[in-house]
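Accompanying notes for the structure given below.
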Amino acid sequence: MAKVTVDGITVEVPNGSNVLQACEAAGKEIPRFCYHERLSVAGNCRMCLVEIEKAPPKPFASCAYPVADGMVVHTDTPMVKAARRGVMEFLLINHPLDCPICDQGGECDLQDQSMGYGGDTSRYHENKRAVTNKDLGPLVKTVMTRCIHCTRCIRFSTEIAGVPEMGATARGESMEVGTYISKALSSELSGNLIDICPVGALTSKPYAFVARPWELKKTDSVDVLDAVGAAIRVDTRGSEVLRVLPRINEDVNEEWLADKSRFALDGLKRRRLDTPWVKREGKLARTTWPEAFAAIEAKLTGLSGDRIGAVAGNLCDAESMLALKHVMAALGSTNLDCRQDGAALDPSRREFFTFNTSIAGIEEADALIIIGSNPRHEAPLINARIRKRSLMGAFPIAHIGVAADLTYRHQYLGGTPQLLAGLRDGSNAFASVLRGAKKPMMIVGQGALARPDGAAILAACWALAAETGMLTPDWNGFNVLQTAAGRVAGLELGFATGKTLAQMLGGGVDLLWLLGADEFDAAAIGPNTFVVYQGHHGDRGAARADVILPGAAYTEKNGTYISTEGRVQRGALAVFPPGEAKEDWKILRAFSALIGKPLPYDNLEALRMCLVQENPLFDRLDILPHFGCSDTTGPVSVGAVGDALFEPAIENYYMTDPISRASPTMAACIEAQKHPKTPAESAMAAE
C-alpha cells in the first residue's frame, strides 16, 4: 500500500493505483471524460489535471499517473483551476449549442462540468467543425458533431463487449469515431455505449425526443428477459414505461445491461391483453371477469385432478406460481411443469439446476468448458464476465456445441455430446487442462438438456465435473445456465411434478392452465383440451385459449424471482396493468374464492410468508453465500448419450418471449442483421 496525501488528507491506496483513484479515496471529486473505472486508461481528455509536489511544475493527468509512496497531490491550486478551464474551453470550441434539443440534457457530464469549469465567453470566432452522423443501427443514435473524442465507446466495444467494431479515423480536428464500414452494431451490449458516452454523441434512438429525465418516475427493479437477474431502473411517465436502465450490482451485472432487456420495452404496450375473453362458437369474444371464471368453473365440473394440468411460463414470478400450485392442489391436481422446452432438469437438488460458481465467481476460475450453450446469446452479461476473466490471462476455454463467435479466444472441440466420453477417459487433450486446474468450471446450457438424451447428458456432465476436480468442499464448478427468469423459482417451489408438459399435450389432460406459457407449440395441445391462458400478451398461448385472463407484465407487479445463480430478487411495480388486467396472484385468489376453495392469503405480505414456508430460500433476499460441494452424488442417468449434434437453445436473441416478440425495436434489430444497409442507405438513415 502507498501513502498519498491529497489536499492535506493522507490515504492508503494499493500499489499500482493512479492518482485519480487516490484523490477519490480522499473524497476529492476529479472531473473526467475519457477515464472510466472499467475501461483501460486513455488519458486523452486531459480534464483530470492535478498538481504534484516534487515533480516538474506543470499539471498532470491524474488518470494516467501512478501513485508513489509519500506523494503529495493538490487538486485545487490556481494552476490546476486555470488548466481545467483551458481544457474545457478547448472542448467547447467545436461543441454545438445543442443542449435544448439534446437527449443527453440533464444527464450530460459535459453539461455538468462546464458549469464548474467553463467560462462565460469564448475566444474562438472561427466556424465550428461539422461531422457526418454515422448509422449504427436501430438502437444507437449518433450526432457525431458533439463527439469530444474521449474514445470510451471504442474501448468498451473492444474490451468489454469483445466486438471491436468502433474505431477512429484521421487525426486531430479531422478525427471521426465510427464503424468505418457503415453497418449496424452486432454486439448484444451495444446499448451500454449510450450510458458511457459523456456527451450527447451517442443516445438512444428509440427514446429520441421522448422525455427529459426530470419528468420521469424512477423505480428500482430486476430484469426478467433472461435468467441473469440484472439490476435495472424502470423510468416511467404516467402509465407508460419509457426507459429501462442498468443499476450497479457488482455481483451480477456490474453496471451493464443487455440490449434486449434495455430496448424491448416498447413491446410492453403492444399486443396487450387488457380484458377477459371467452371462446363462443369457435371465436374469442370479450367478456367480464365473472363470466370468464364461470366458464372455467363449468368446465371443471366433474373433472378429476389427474385430468387437470398447469404450465408456468418463462417470465412468471414466484408468487403467481405458488398461487397456481395451491389452486391446482385444491382441484386435486399435481400435474405441474415449468420446463416448456422439456429440459431434463433434475429438481431433487438445487446444485443440479443452478449456476453454482456464481457470476462473480467466474473471476476465480482458472479453466472453463462450455457444453451445449452460447452464453453470448443466452446470457450476454455472463458472457461479458467470462470475457473479463479471459483478459486476465491463464484461463483456457473449450466449447462443445454449435460453433459461434463467443467474443473471446476458446478451443472449439466439436458439436456432439460424444466428446464428453473423451474428456472423461482422458483421450481428449483438454481433459488434462481441466484436471490440472485448481478451480475449473463447466457451463451446461439448455441446448444440451432440452433434447431426448438430456438426462444422460446432465449425468455425464456432473460425472465429468466430479472427475476433474470441479466439485470440492471449497469450490463448485458445475453450472447450469438457465435462460428463463422464472424457472429456478419454479423448481424451488416444486412446480415440476406429476405429468410433464409433453405428457399433458395431445389430450393428456382435459383442462390445461397456461400461466404466461408461450414457448412451446400450442398446436400440440389436444383438440378437446380446454385451455385457460393467463398472461399479458396475445401470443402463442392466447391464440389457442378457450378462456383468456389478462395478467400483468413484470413492470406492472411486485414479484419475486430467482436468477440462474440462485439469487432471490424482487421486482417492483412501476406502472399499473392496462385496462382490466390484474396481478396474476390476485386473479388466482379471486378464482379460488369463486369455486369455494379460497387460498389462505389476501395480500402480498401473507403470500410471501407462504413462499418462505414453502422454501426458506425465499427469505434470503439478494444473499448468495459462496459454497462448495460436499455431496458428489450425481443426478439419475436415464438412457445413453446420443450422437446427434447440439442445437442452439435460442434461435434468435432478439425475440425470446412475448414482450420482445411484440417489440418493433427488436424486429428492427433482426432486420438490420439480416439485411444490412448499403453505404448510401446508411448515410440517409444517419441523417
Side-chain angles (χ1 to χ4, degrees), residues 222-230 252 260-261 309-325 335-356 358-359 372-373 375 377-379 381-382 443-451 454-455 457-458 478-502 504 513-520 534-535 541 554 559-571 584 611 614-615 617-618 624 635 649-650 656-660:
V222 61
D223 173 50
V224 303
L225 298 192
D226 57 26
V228 176
V252 182
K260 182 172 57 182
S261 304
V311 181
N314 291 354
L315 307 184
C316 290
D317 56 287
E319 289 86 351
S320 62
M321 285 189 283
L322 181 63
L324 182 55
K325 179 182 177 180
N335 300 324
L336 310 171
D337 204 354
C338 61
R339 301 160 296 186
Q340 294 182 82
D341 56 3
L345 296 166
D346 188 338
S348 61
R349 275 172 57 190
R350 69 192 314 264
E351 292 171 294
F352 296 158
F353 57 83
T354 56
F355 202 92
N356 300 296
S358 79
I359 297 172
S373 175
H377 290 165
E378 296 167 25
L381 296 172
I382 290 181
I443 295 178
V444 183
Q446 301 305 297
L449 305 179
R451 42 187 283 158
I457 292 176
L458 179 66
F478 180 81
N479 303 287
V480 173
L481 180 57
Q482 301 285 354
T483 57
R487 186 166 298 173
V488 174
L491 295 173
E492 294 283 9
L493 289 172
F495 212 96
T497 61
K499 294 180 180 178
T500 64
L501 172 60
M504 287 187 267
W513 196 300
L514 303 180
L515 181 61
D518 296 285
E519 308 308 321
F520 68 95
Q534 180 181 342
Y554 75 103
T560 304
Y561 305 88
I562 303 182
S563 69
T564 185
E565 59 176 350
R567 186 184 300 271
V568 181
Q569 300 169 300
R570 280 183 181 164
D584 293 301
L611 268 179
E614 189 82 14
N615 190 330
L617 174 69
F618 287 95
L624 192 68
I650 294 178
T656 58
D657 54 82
I659 298 174
S660 58

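The chain is numbered in sequence order, starting from 1. Computed from a prediction, not measured in an experiment: that's the story for all the values here.
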Search all heavy atoms of [X] against all heavy atoms of [Y] and return the closest pair with its distance.
| X | Y | result |
| --- | --- | --- |
| Glu378 | Ala649 | OE2-CB, 3.7 Å |
| Asp346 | Phe352 | O-CB, 3.6 Å |
| Gln482 | Thr564 | N-OG1, 3.0 Å |
| Arg487 | Leu345 | CD-CD1, 3.4 Å |
| Ser373 | Leu481 | OG-CD2, 3.6 Å |
| Ala227 | Ala484 | CB-O, 3.6 Å |

I'd like to check [X] versus [Y] (side-chain heavy atoms, cut-off strictly below 4.5 Å). Are they in contact?
| X | Y | answer |
| --- | --- | --- |
| Ile457 | Arg451 | yes |
| Ser563 | Val252 | no |
| Phe618 | Ile562 | yes |
| Asp317 | Tyr561 | yes |
| Arg339 | Leu501 | no |
| Ile659 | Leu315 | yes |
| Phe353 | Leu449 | no |
| Val228 | Asp223 | no |

| Can Leu624 and Phe355 be said to form a side-chain contact (heavy atoms from CB on, under 4.5 Å), step by step? | CA-CA 11 Å; Leu624 192 68; Phe355 202 92; over 6 Å; no
So, does [X] use its side chain to make a donor-acceptor pair with the main chain of [Y] at under 3.5 Å?
| X | Y | value |
| --- | --- | --- |
| Gln534 | Trp513 | no |
| Thr354 | Arg350 | yes |
| Gln569 | Gly229 | yes |
| Asn356 | Phe478 | yes |
| Gln340 | Asp518 | yes |

Starting at [atom1] of [X], measure out to [atom2] of [Y] and round the result to the nearest 0.5 Å.
| X | Y | atom1 | atom2 | answer |
| --- | --- | --- | --- | --- |
| Asp226 | Ser660 | CG | OG | 11.0 Å |
| Ser261 | Leu381 | OG | CG | 7.0 Å |
| Lys260 | Thr656 | NZ | OG1 | 2.5 Å |
| Leu611 | Thr560 | CG | OG1 | 6.0 Å |
| Glu351 | Asn479 | CD | CG | 11.0 Å |
| Ile359 | Ile382 | CD1 | CD1 | 4.0 Å |

| request: Might you work through the side chain to side chain donor-acceptor pair (under 3.5 Å) test for Asn615 and Glu492, ending with a clear yes or no? | output: CA-CA 7 Å; Asn615 190 330; Glu492 294 283 9; 3.0 Å; yes
